[in-house]
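The structure appears right after this line, and notes come after that.
Within every chain, numbering begins at 1; the chains are lettered A, B, ... in the order of the sequence lines, protein sequences first and strands thereafter.
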2 protein chains.
Amino acid sequence: MLLDKLTRKQEIHQTAAKLFNEMGFNAISMRDLAAELDIKASSLYNHISSKDEILSDIILNIGSQFTEGMLAIVNQEEDVITQLEQLISLHVGIVVDNPDAIGCLNNDWKHLNPESKSRLVKMRNDYEEQFRRIIKRGIVESKIVNLNPEVILFSLLSTLRSMNIWYSKKGSDDVNELTRQVKSILLEGVKVK
Amino acid sequence: MLLDKLTRKQEIHQTAAKLFNEMGFNAISMRDLAAELDIKASSLYNHISSKDEILSDIILNIGSQFTEGMLAIVNQEEDVITQLEQLISLHVGIVVDNPDAIGCLNNDWKHLNPESKSRLVKMRNDYEEQFRRIIKRGIVESKIVNLNPEVILFSLLSTLRSMNIWYSKKGSDDVNELTRQVKSILLEGVKVK
DNA sequence: GTCTATAGTGCGATAGAC
DNA sequence: GTCTATCGCACTATAGAC
């Protein structure tokens with residue numbers, strides 16, 4: 001957070017992410033966005049070239065953060081459980097810094113223009129494929145339970161991807177404690193043995 | 001599935017759920033919906049009174065299914081782990097029968113009219129509160145790990161609520177096997193002990 | 001860099017013929 | 001029960017003054 005040092009364009013992106021997250025890309029008009037910034041809709045076009053471009057900028061920026069985070073984790077070649085813990089930390093970290101933008105990514109990626117959408121879908125597929133490989137290696141090495149890797153992947157990703165909703169609603173005084181508990185629940189389960 | 005015995009109104013609801021789920025309520029026009037049914041937009045209004053009403057009907061119907069399912073489970077007064085397993089089965093069952101409507105509920109509830117939205121939010125709050133009580137009782141009885149119940153609730157609900165995405169994408173030859181694996185992953189975790 | 005004014009398009013919904 | 005025609009409105013985006 002570079003407090004108060006945002007350019008007008010960054011300010012537009014930040015406010016747009018907040019509004020898009022609250023009501024969805026299609027439900028927010030350029031007039032709504034402008035009003036939130038105390039200017040007229042036409043004035044926005046001195047800083048951005050289209051509504052479309054705002055959405056692409058917000059979403060692809062987040063996509064890149066996940067892509068780079070995953071790359072760093074797989075390059076470290078730690079054991080499987082450590083890599084899963086690092087993935088959980090990666091998600092928590094990105095959610096805490098960009099809860100609104102994560103909401104846009106989750107809910108409005110379908111409304112990206114065709115070019116941006118295809119870039120995002122490629123990023124997401126690559127991300128999921130790396131995640132899948134970690135899980136499969138874990139199963140082979142008997143570190144991960146021998147269930148359908150797709151079901152395991154789906155279950156972990158569901159919680160990680162929707163953490164923004166919960167984090168925005170409840171907040172968290174202690175992000176480290178939240179991370180610790182999510183790691184425990186996802187990896188060890190909720191049932192007492 | 002009463003094959004081919006749908007009324008025109010039910011046909012509209014079913015098609016609308018499919019399209020809303022694919023692109024979002026605001027991205028689908030009455031002209032789009034009508035075209036999918038091979039009629040003109042104005043003809044829709046002989047069967048429904050507004051676009052708004054279609055969304056309310058789709059979402060509140062699903063909300064009622066969860067409310068009734070939860071009621072049946074808490075009334076049975078089984079032990080905590082059994083109740084959690086029954087909740088997982090409830091979600092899988094509803095997802096399998098109504099994947100599109102679940103997508104509408106998850107993504108478009110914000111676009112309900114004020115009255116329908118307030119009914120849905122009440123249903124959802126009641127549902128979550130019952131779920132929370134089960135978890136808290138489990139912790140007291142040492143059947144559930146002693147972590148923040150909100151984090152446990154969030155983690156379980158995240159997976160259950162987004163199961164429609166994964167189910168629509170991958171399908172499942174064997175719903176019972178899917179249910180068994182989700183129960184194992186959520187309750188026992190993914191890590192080999 | 002923001003404004004007013006407006007072009008051009010698509011929206012939900014209604015009226016009335018058949 | 002479906003159609004054609006249309007109303008009134010909101011939308012994204014541009015032009016041009018200041």
Side-chain angles (χ1 to χ4, degrees), chain A residues 2 4-60 104 107-117, chain B residues 2 4-60 104 107-117:
Chain A
L2 303 164
D4 284 306
K5 299 297 278 184
L6 297 175
T7 64
R8 201 68 164 136
K9 186 166 184 171
Q10 289 172 318
E11 224 176 356
I12 291 171
H13 284 159
Q14 186 178 293
T15 303
K18 190 189 74 174
L19 297 181
F20 293 168
N21 182 40
E22 282 167 5
M23 283 301 288
F25 178 72
N26 281 314
I28 300 297
S29 69
M30 295 300 272
R31 289 170 175 82
D32 295 331
L33 174 55
E36 190 80 8
L37 291 158
D38 280 314
I39 55 175
K40 297 291 176 184
S42 56
S43 304
L44 291 169
Y45 292 87
N46 277 287
H47 307 282
I48 52 95
S49 69
S50 67
K51 189 189 179 190
D52 200 89
E53 184 204 63
I54 299 175
L55 187 66
S56 294
D57 286 347
I58 292 170
I59 291 183
L60 292 177
C104 295
N107 301 317
D108 285 324
W109 65 271
K110 290 175 181 174
H111 306 117
L112 288 169
N113 63 47
E115 185 202 322
S116 295
K117 178 151 60 180
Chain B
L2 303 164
D4 284 308
K5 300 295 279 183
L6 297 176
T7 65
R8 201 67 164 136
K9 186 165 183 171
Q10 289 173 318
E11 225 177 354
I12 290 171
H13 284 159
Q14 187 179 292
T15 304
K18 190 189 74 174
L19 296 182
F20 294 167
N21 183 40
E22 282 167 5
M23 284 301 288
F25 177 72
N26 281 314
I28 300 297
S29 68
M30 293 301 272
R31 288 162 175 85
D32 294 331
L33 174 55
E36 190 81 7
L37 292 158
D38 280 315
I39 55 176
K40 297 293 177 182
S42 55
S43 305
L44 291 169
Y45 290 88
N46 277 289
H47 307 281
I48 53 95
S49 68
S50 67
K51 189 190 179 191
D52 200 85
E53 184 204 61
I54 300 175
L55 187 67
S56 294
D57 285 348
I58 292 170
I59 291 183
L60 291 178
C104 295
N107 301 316
D108 285 325
W109 66 271
K110 289 175 181 175
H111 304 116
L112 289 168
N113 63 48
E115 185 203 321
S116 295
K117 178 151 60 179

Figure out the [atom1]/[atom2] separation between [X] and [N], and round it to whole Å.
| X | N | atom1 | atom2 | answer |
| --- | --- | --- | --- | --- |
| A/L37 | C/dC3 | CG | P | 11 Å |
| B/I39 | D/dT4 | CD1 | C1' | 15 Å |
| B/K40 | C/dA15 | NZ | P | 21 Å |
| A/L44 | D/dA13 | CG | P | 10 Å |
| B/H47 | C/dG12 | NE2 | C1' | 17 Å |

Qualifying residues under side-chain hydrogen bond (donor to acceptor under 3.5 Å, both in side chains), relative to B/N107, sequence neighbours excluded: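 Expected list: none.
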Test side chain to side chain contact (heavy atoms under 4.5 Å, CB included) applied to A/K110 - qualifying residues, sequence neighbours left out: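 Scan of A/K110 (side chain to side chain contact (heavy atoms under 4.5 Å, CB included), adjacent residues dropped) gives B/M23.
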Side-chain N,O (B/S42) to OP1/OP2 (D/dC3) below 4.0 Å: no
side-chain N/O B/S43 vs D/dG1 OP1/OP2, d < 4.0 Å: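 So the side chain of B/S43 is outside the cut-off, no N or O lying under 4.0 Å from OP1 or OP2 of D/dG1.
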Inter- and intrachain pairs under ring-ring contact (aromatic ring centres under 6.0 Å, His included), touching residues 17-59 of chain B, at least two apart: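 Residue pairs passing ring-ring contact (aromatic ring centres under 6.0 Å, His included), neighbours aside: B/F20-B/F25.
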Contacts under 3.5 angstrom, residues 30-38 of chain A side chains, donor-acceptor by atom type, not counting sequence neighbours:
residue: A/D32; atom: OD2; partner: A/S29; partner atom: N; Å: 2.9
residue: A/D32; atom: OD2; partner: A/S29; partner atom: OG; Å: 3.2
residue: A/E36; atom: OE2; partner: A/K18; partner atom: NZ; Å: 2.6

Donor-acceptor pairs under 3.5 angstrom involving side-chain atoms of residues 52-60 of chain A: please list them, not counting sequence neighbours.
residue: A/D52; atom: OD2; partner: A/N113; partner atom: ND2; Å: 2.6
residue: A/E53; atom: OE1; partner: A/S49; partner atom: N; Å: 3.2
residue: A/E53; atom: OE2; partner: A/S49; partner atom: OG; Å: 3.0
residue: A/S56; atom: OG; partner: A/D52; partner atom: O; Å: 3.4
residue: A/S56; atom: OG; partner: A/S116; partner atom: OG; Å: 2.8
residue: A/D57; atom: OD2; partner: A/H13; partner atom: NE2; Å: 3.2

Trace of the side-chain contact (heavy atoms from CB on, under 4.5 Å) decision for A/I39 with A/R8: CA-CA 11 Å; A/I39 55 175; A/R8 201 68 164 136; 3.2 Å; yes
Listed pairs, N/O of protein and of nucleotides 8-12 of chain D, under 3.5 Å:
residue: D/dT12; atom: OP1; partner: A/M30; partner atom: N; Å: 3.4
residue: D/dT12; atom: OP1; partner: A/K51; partner atom: NZ; Å: 3.1
residue: D/dT12; atom: OP2; partner: A/M30; partner atom: N; Å: 2.8

